[in-house]
There are 2 protein chains.
Amino acid sequence: MVNIKDLAKHLNISIGTVSRALNNRPDVNKDTRKKVLQAAADLGYVANQSGRSLRQGTTNAIGFLINTSDANEANSDNFFMGVIDGLQSALAKKHLDLVVLPCSSDEDPEDYLKRMVARRLVDGMIISATHTIDKRITLLVKNKVPFVALGQSDTGSNHPWIDLDFEGVAQVSIDRFVSRGHSRIAIALSHSDLNLGRLFLNSYKASLKRHGIAFDPKLVLKGATNDQGGYEVASQLLEMADRPTAILLVHELMAQGLYRRLAEDDLQAGRDLSIIGFRNSAQARMFSPSLTSFKLSLQDLGVALAEKLLTSMGTIESSEEQIGKIWPMQLVEGESDALIINSNR
Amino acid sequence: MVNIKDLAKHLNISIGTVSRALNNRPDVNKDTRKKVLQAAADLGYVANQSGRSLRQGTTNAIGFLINTSDANEANSDNFFMGVIDGLQSALAKKHLDLVVLPCSSDEDPEDYLKRMVARRLVDGMIISATHTIDKRITLLVKNKVPFVALGQSDTGSNHPWIDLDFEGVAQVSIDRFVSRGHSRIAIALSHSDLNLGRLFLNSYKASLKRHGIAFDPKLVLKGATNDQGGYEVASQLLEMADRPTAILLVHELMAQGLYRRLAEDDLQAGRDLSIIGFRNSAQARMFSPSLTSFKLSLQDLGVALAEKLLTSMGTIESSEEQIGKIWPMQLVEGESDALIINSNR
DNA sequence: CTGGTTACCGTAAACGTTTGTGATAAGATG
DNA sequence: CATCTTATCACAAACGTTTACGGTAACCAG
């Protein structure tokens with residue numbers, strides 16, 4: 001591998017000049033710079049990252065921290081892959097590279113993060129799937145590692161974050177149900193303590209209250225975020241005495257199982273039960289009857305995360321004042337919530 | 001951040017001794033080693049990776065190269081996440097860390113790899129979704145970067161690789177179909193030039209020949225590897241004059257659309273058409289009627305990849321002679337291939 | 001012609017490690 | 001006691017960069 005010394009020797013100039021030429025420093029002659037760039041291309045020279053990092057104390061890389069268990073369950077359907085795609089292409093424009101740091105399911109996420117921070121192989125981080133109290137945030141703040149969180153948290157630090165508009169989704173969904181005459185409205189959550197569930201539930205309650213509908217704890221159903229969970233949630237729902245007429249699925253991976261359970265009783269989404277799902281995923285996009293849901297651009301989200309991080313690192317300037325941002329979701333109208341309840345039935 | 005110099009000063013010994021103590025070198029007193037380790041823990045010292053890399057020329061990290069576009073389409077369903085999980089936990093045992101290097105959809109994979117190689121931030125690589133002719137392999141061989149490929153290739157270098165047993169899957173499937181009386185057997189492929197499709201098709205042809213069944217090009221259907229593609233493949237199939245009675249889905253993400261299209265004609269998998277899918281995915285696991293398919297442990301595959309790479313790097317020893325390995329798949333019997341054709345219909 | 005500015009470039013230090021070489025003292029051997 | 005081995009450590013070089021500093025020549029103004 002050719003290093004800067006080889007390059008300098010080849011050109012008969014000092015390595016300092018070579019470095020300045022390559023890094024677009026001002027005090028270097030236009031001709032020599034051209035020669036240097038040419039020679040670098042000819043010899044295939046690329047700066048050694050270790051040397052550069054050591055000297056500059058910076059790595060030109062951003063880390064995206066994910067738990068493979070999160071990726072396998074709660075956020076299935078290649079949620080992360082879309083975000084990664086956006087992140088990578090936004091960072092590349094600033095000559096930064098993205099490295100994904102995956103915490104395997106048999107390791108403690110905090111220990112893992114500690115090791116990654118110590119390694120100093122990234123200049124900043126993106127963490128995902130935040131918990132209501134998230135120790136990783138405390139750790140990053142303490143170690144002064146710039147980061148942005150995908151997901152809100154109550155850990156009590158004012159770091160930059162972006163979160164999906166769970167509250168808006170819940171509100172729009174409830175409004176939509178109510179406007180079609182529903183009053184017994186269920187919500188299906190997962191068992192995890194991700195912050196997402198809390199936000200959904202709060203907004204669900206608030207929306208009901210706004211419409212003068214009493215909150216009934218029995219209408220809060222919990223299940224695994226997969227087909228099986230959906231089947232079980234549907235079973236619970238169908239066995240209830242005063243059966244709900246509508247349900248909001250916080251994890252629409254449950255939808256398939258729900259449809260399946262309904263079919264067993266010759267019931268159909270949109271005719272016998274109104275369903276709104278979250279988040280318009282590739283698999284769920286083809287339901288029949290089609291699922292009313294909320295979608296977002298994962299790529300754009302990734303780009304926004306990258307920009308927020310770079311802003312907080314001072315790499316790019318932004319007029320944005322807000323440290324946090326709610327990411328809007330678009331309603332995708334389907335047939336699964338077509339059921340209209342007659343008020344005088 | 002505390003560095004080795006601080007640590008040495010704090011202990012009143014030289015940095016060389018500190019380094020040797022930390023790295024388990026022989027020539028250091030037992031007591032001083034204990035003191036060093038204690039002090040390192042107290043002060044929270046962790047070796048700076050840049051300094052170490054620069055000196056040793058090694059990074060203690062392994063890179064997993066993926067194309068986000070592959071991850072989003074052909075290999076959906078968190079295929080990669082499972083493999084990553086296995087990789088990470090196997091590498092961690094050797095004190096190596098995994099970094100995932102995602103090539104975004106708007107960048108050329110070869111340029112991306114070139115940059116990553118030049119960055120020298122990993123000691124070895126795992127590449128995935130190989131093509132029949134894969135320039136990345138040429139590049140890695142030329143740059144002497146140790147690597148293992150997930151997927152075979154005809155690029156013509158004898159590098160270590162692991163590939164799923166596509167040929168076995170096709171053979172078992174065809175045998176199964178034939179033993180149940182089928183002779184018009186279709187196969188559904190994707191449009192891409194991934195090596196997987198080629199292997200499947202070859203084995204499909206060979207298996208038919210073995211059973212004395214003539215190969216009919218019309219029975220090779222192609223579609224997108226998603227619900228939509230499955231729907232279209234099913235439509236083609238149903239319109240055929242001499243309609244096949246069985247079909248092998250190379251990408252079972254097509255299954256949902258296929259079932260949907262069948263239902264439109266009041267047809268059912270297992271009763272009117274035999275279906276075998278590949279690869280038992282989370283989403284496809286809950287079909288009704290249940291889908292006969294082939295499964296594998298993604299985690300174990302990740303572990304095997306890691307071990308093969310480390311063997312080729314000389315990090316671990318292995319009695320294994322083979323440079324390549326076919327990864328076996330287990331048949332998961334379902335109801336979708338229950339149809340038995342009467343030979344004298 | 002002199003003094004000062006400018007443009008360009010070479011020199012060397014620094015980043016944090018690891019490791020080869022040699023030094024010192026203690027112990028072993030004769 | 002003299003010499004040889006051994007254990008333990010200090011010293012310093014090296015990895016490949018970037019960058020502050022100083023130096024040289026050219027140029028310009030007076």
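Every chain is numbered from 1 and lettered A, B, ... according to where its sequence line falls, protein lines coming before strand lines. Values reported hereafter were calculated over all heavy atoms of this structure, with side chains retained and with hydrogens, waters and symmetry mates removed.
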**Q.** Which nucleotide in dT18(D), dT17(D), dT17(C) has an atom nearest any side-chain atom of N3(A)
**A.** dT17(D)
Q | Along DNA chain D (nearest heavy atom to each residue), the more 5'-positioned of N12(B) and G51(A) | A | N12(B)
Q) For S14(B) and dC9(D), is the shortest distance between a side-chain N/O and OP1 or OP2 below 4.0 Å? A) no
Q | Crowding at NE2, H159(A) (>12 non-hydrogen neighbours, <6.0 Å) | A | yes
Q: Send over the distance from Q56(A) CD to dG16(C) P, rounded to a whole Å.
A: 14 Å
Q: Could you tell me the separation between the CD atom of Q49(B) and the P atom of dC15(D), rounded to a whole number of Å?
A: 19 Å
Q: Answer yes or no: does a side-chain N or O of T32(B) lie under 4.0 Å from OP1 or OP2 of dC9(D)?
A: yes
Q. Rounded to the nearest Å, what distance is computed from the CE atom of residue M1(B) to the P atom of nucleotide dG16(C)?
A. 12 Å
(Q) How many whole angstroms separate atom CZ of R25(B) from atom C1' of dT17(C)? (A) 12 Å
(Q) Restricting to non-hydrogen atoms, name the atom on F79(B) and the atom on L150(B) that form the minimum distance, rounded to 0.1 Å. (A) CE2-CD2, 4.1 Å
Q | side-chain contact (heavy atoms from CB on, under 4.5 Å) partner of I126(A), chosen from L65(A), L87(A), I84(A) | A | L87(A)
**Q.** Minimum-distance nucleotide to Y45(A) side chain [options: dT17(C), dC15(C), dT17(D)]
**A.** dT17(D)
Q) In whole angstrom, what separates L54(B)'s CG from dA14(D)'s C1'? A) 9 Å
Q.
Expressed as a whole number of angstroms, how long is the span from L22(A):CG to dT19(D):C1'?
A. 14 Å
(Q) Nearest heavy atom decides the nucleotide; on that basis, is S50(B) or R20(B) closer to the 5' end of DNA chain C? (A) S50(B)
Q) When you check the gap from the basic side-chain N to the acidic O, do K94(A) and E307(A) get nearer than 4.0 Å? A) no
(Q) Nearest to the side chain of I4(A), heavy atoms from C-beta on, is which of dT17(D), dA10(D), dG16(C)? (A) dT17(D)
Q) Which whole-number value in Å describes the distance from N23(A) CG to dA20(D) P? A) 12 Å
Q. Expressed in angstrom and rounded to an integer, what is the separation of I15(A) atom CD1 from dA14(D) atom P?
A. 14 Å
Q.
Tell me if the CG atom of D111(A) is crowded by more than 12 foreign heavy atoms within 6.0 Å.
A. yes
Q. Which nucleotide sits closest to the side chain of R55(B): dT17(C), dC9(D), dT18(D)?
A. dT17(C)
Q: Please determine if a side-chain N or O atom of R52(A) lies less than 4.0 Å away from the OP1 or OP2 oxygen of dG16(D).
A: no
**Q.** DNA chain D: 5'-proximal contact among K30(B) and V46(A) (nearest heavy atom)
**A.** K30(B)
Q: Determine the contact category for D27(A): base if any of its heavy atoms lies under 4.0 Å from a base atom, sugar-phosphate if only primed atoms, P, OP1 or OP2 are that close, otherwise nothing.
A: base
Q. Is the shortest side-chain N/O distance from S19(B) to OP1 or OP2 of dT17(C) below 4.0 Å?
A. no
